[in-house]
Amino acid sequence: MNNLTFKQYRNIDLSIFALLLVISEAITTVATNVWFDAQPVAISTTLVFICIVMMRWSFGALIPACVGGLVFCIASGANPEQYLVYVIGNCAALSAMIWFKIWGKDKIRGSYFKTFVFATSAYVAMQLGRWLLSLPFNARLDTLLVYLLTDIISLLFTVVVMMIMRNTEGMLEDQKAYLFRLQREREAKAQSTVDEYGGYAQ
């Protein structure tokens with residue numbers, strides 16, 4: 001991290017992902033409202049950012065969960081109830097972190113099946129969270145089905161992106177573990193150089 005502290009690195013990393021989410025979510029929401037206004041479909045990038053940040057920072061994913069919901073509501077002209085449903089409801093996606101306890105992040109990243117289960121669990125949990133929060137506003141049981149089906153393209157997008165990124169160096173890796181690994185690799189390389197030339201002092 002050179003001159004950056006771990007906290008600074010974390011804050012910068014989360015800020016970059018939040019900025020990318022704001023831009024992409026605003027574009028996809030406006031585009032969906034314009035091009036698919038008459039269709040029961042929604043396209044959102046929030047889930048994929050939640051999943052990526054969960055893998056990198058665990059509970060740091062609360063930031064894209066709330067930011068994504070906020071941007072969606074602003075861009076779609078939501079009412080006050082929808083702000084509650086989407087901003088807070090999105091946070092339920094973090095319950096997918098239970099797989100970190102069961103499998104661990106490395107095994108999730110290393111398996112297509114486990115990556116799929118992780119992303120799908122986050123999606124289902126997020127829709128459940130939205131639905132539960134919408135119950136006081138006269139939502140019904142079939143409203144859950146509407147949430148699940150309307151946003152299905154976002155799940156497909158998330159799964160594809162996660163599958164691609166799982167082999168990208170450090171992208172879906174816990175960042176503390178990743179930085180420690182890089183440090184160990186640098187130290188091992190430096191030691192091998194010393195061993196190769198028989199030490200610096202002769």
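Side chains are part of it too, since the values below use all heavy atoms of this structure and drop only hydrogens, waters and symmetry mates.
Side-chain polar atoms of Ser24 and Thr45 form a donor-acceptor pair below 3.5 angstrom.
Using a 4.0 Å cut-off between a side-chain N of Lys or Arg and a carboxylate O of Asp or Glu, Asp174 and Lys176 do not qualify as a salt bridge. Salt bridge status for Asp13 with Arg56: present, with a side-chain N to carboxylate O gap under 4.0 Å.
You'll find the ring centres of Phe6 and Trp57 inside the 6.0 Å limit.
Rounding to the nearest 0.5 angstrom, the gap separating the SG atom in Cys51 from the CE atom in Met126 is 8.0 Å. From Lys114, atom NZ reaches atom CZ of Arg166 across 11.0 Å, with rounding to the nearest 0.5 Å. One finds the CZ atom of Arg109 at 10.5 Å from the CE atom of Met162 (value rounded to the nearest 0.5 Å). To the nearest 0.5 angstrom, Asn11 atom CG is 8.0 Å from Thr5 atom OG1. One distance of note links CG of Asp142 with CG of Leu148; it measures 11.5 Å at 0.5 Å rounding. Put simply, CD1 on Ile63 and CZ on Phe17 are 12.0 Å apart, with the number rounded to the nearest 0.5 Å.
Linking Ile, Leu, Val, Met, Phe, Trp and Tyr whenever their side-chain heavy atoms come within less than 4.5 Å puts Leu179 and Ile12 in one cluster. Leu20 and Ile43 fall within the same hydrophobic cluster, where Ile, Leu, Val, Met, Phe, Trp and Tyr residues are linked whenever their side-chain heavy atoms come under 4.5 Å apart, directly or through other members. With hydrophobic clusters built from ILVMFWY side chains whose heavy atoms lie under 4.5 angstrom apart, Ile27 does not share a cluster with Val48. Clustering ILVMFWY residues whenever any of their side-chain heavy atoms sit less than 4.5 angstrom apart, transitively, puts Val53 in the very cluster that holds Met163.
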Is there a side-chain contact (heavy atoms from CB on, under 4.5 Å) between Phe100 and Ser58 once you walk through the steps? CA-CA 9 Å; Phe100 297 167; Ser58 297; 4.2 Å; yes
Begin with the C-alpha distance, continue with both residues' side-chain angles, and end with the deciding distance and a verdict on side-chain contact (heavy atoms from CB on, under 4.5 Å) for Val117 and Trp103. CA-CA 11 Å; Val117 170; Trp103 290 327; 3.8 Å; yes
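Of all heavy-atom pairs between Val30 and Ala75, the closest is CG2-CB, 4.3 Å. The minimum heavy-atom distance linking Tyr123 with Ile152 is given by the pair OH-N, 3.3 Å.
In this pair, Tyr147 and Tyr86 present their aromatic rings perpendicular. The plane angle is above 60°, beyond the 30 to 60° band.
The 12-atom threshold is not exceeded at CZ of Phe180, counting heavy atoms of other residues, nucleotides or ligands nearer than 6.0 Å. Residue Arg181 places its CZ atom among more than 12 non-hydrogen atoms of other residues, nucleotides or ligands, all under 6.0 Å distant.
Using a 4.5 Å heavy-atom cutoff, the side chains of Asp151 and Ser44 are in contact.
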